[in-house]
Amino acid sequence: MNEEEFRVLSAGFALGSLSPDDAQTFRIAREQHPEWERNVEIDLDTAGRLGDAVVEQTPPPAVRDRLLAAIGDLPQEANRDAPEPAQSAPPTRRWRRIAFALAASLALLVGIGWGAGTLIDRLAADPAMTALTAIEASDDAREATVDMGDGEATLHWSESVGDAVLVTDGLPVLRDDQTFELWFVRDGAAISAGTFAARDGAATALLEGEMHAGDLIAVTVEPAGGAPDGVPTSDPIMAIETA
């Protein structure tokens, strides 16, 4: 787990929206990374201030309808009486589920006049997470996954939203003078889609620029700052077909 993922769990913990499995993942990460505790303190303080500042009231019908519609679009949990699978949900699906739960909680807070302040700012400040949530909520959401040996990479995109997001783990450790660079490969040419960093081999990156139908999405290792001439300087470490 990287700190970006921990922050998402921390916001969910403060809002009381974590599933039992995610709550356990959060607890373990919290014990293993005391240096991230400041995130939890900020989120709990913000959630507490929200509670103190609000007069109890019934949400307007329109807000209630929007919230129920949002919940209705979420993947439904399996029958609680059925035996649970031994393996937990894959990381990509887990972060997606948390993002939707947070979105539903925040929609209720904002809809009835509550200011979610720092918690909303936390999620909105992450363009990749914001784009991923919008993509997964769209009617034309698509995804493609490739195996990376030590992990996997999943590309999420939506033509109606106009964004594409790469969620991956198992990335190699780079030197300080290196970075990962994304590419749209079309008609035999590679077009840079921005650079990104990984933490503990994991990353969630929003592609920069316009993705075209049928583009091949590739990732290379480049000098810090990106390929100096706008052309890949190394072979791709992954490539995802979107056709």
Side-chain angles (χ1 to χ4, degrees), residues 1-51 67 70-109 116-126 128-133 135-137 143 145 147-154 156 165-171 173 197-205:
M1 176 181 294
N2 57 39
E3 188 170 3
E4 175 188 341
E5 295 167 340
F6 181 82
R7 286 172 178 167
V8 175
L9 286 174
S10 176
F13 172 72
L15 290 171
S17 61
L18 295 182
S19 69
D21 286 345
D22 292 330
Q24 180 165 342
T25 298
F26 173 71
R27 180 185 60 77
I28 293 173
R30 193 175 178 183
E31 292 175 353
Q32 294 177 340
H33 297 279
E35 69 275 15
W36 296 345
E37 185 65 19
R38 181 58 180 161
N39 294 296
V40 183
E41 295 173 358
I42 292 173
D43 290 340
L44 288 175
D45 179 68
T46 301
R49 289 175 184 272
L50 286 173
L67 180 60
I71 294 173
D73 290 337
L74 296 176
Q76 300 300 306
E77 291 186 7
N79 188 328
R80 292 184 179 275
D81 295 330
E84 296 184 359
Q87 187 172 0
S88 60
T92 299
R93 196 178 309 156
R94 174 180 299 158
W95 304 127
R96 181 189 314 158
R97 184 179 67 243
I98 295 171
F100 276 125
L102 290 176
S105 298
L106 293 175
L108 177 60
L109 291 176
T118 302
L119 292 179
I120 290 179
D121 291 342
R122 271 193 184 285
L123 298 179
D126 184 350
M129 182 62 71
T130 301
L132 180 59
T133 303
I135 290 169
E136 293 302 324
E143 65 179 59
T145 300
D147 182 71
M148 296 181 58
D150 293 331
E152 65 178 23
T154 300
H156 303 261
V165 175
L166 180 71
V167 180
T168 182
D169 57 9
L171 289 167
V173 177
R199 182 153 188 167
D200 297 330
T204 301

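Starting from 1, each residue takes its place in the sequence as its number. These numbers come from a predicted model, not from an experiment.
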### Task
For the pair Phe6 and Trp36, name the ring-plane relationship: parallel under 30°, tilted 30 to 60°, perpendicular over 60°.
tilted

### Query
At what distance, to the nearest 0.5 angstrom, does CD1 of Ile28 lie from CG of Leu9?
11.0 Å

### Task
Can you measure from CG (Asn39) to NE2 (His33) and round to the nearest 0.5 angstrom?
12.0 Å

### Message
Take a 6.0 Å sphere around CD of Gln24 and say whether it holds more than 12 heavy atoms from other residues, nucleotides or ligands.
### Response
no

### Separation between CG of Leu166 and OG1 of Thr204, rounded to the nearest 0.5 Å
8.0 Å

#### Entry: Minimum heavy-atom distance between Leu132 and His156, given as atom pair plus value
CD1-CG, 3.6 Å

### Summary
Rounding to 0.5 Å, atoms CZ (Phe13) and CZ (Arg27) come to a distance of 11.5 Å

### Query
Is there a donor-acceptor pair closer than 3.5 Å between any side-chain N or O of Asp169 and the backbone N or O of Glu152?
yes

#### Entry: Met148 and Leu171: CA distance, side-chain angles, deciding distance, side chain to side chain contact (heavy atoms under 4.5 Å, CB included) verdict
CA-CA 8 Å; Met148 296 181 58; Leu171 289 167; 3.7 Å; yes

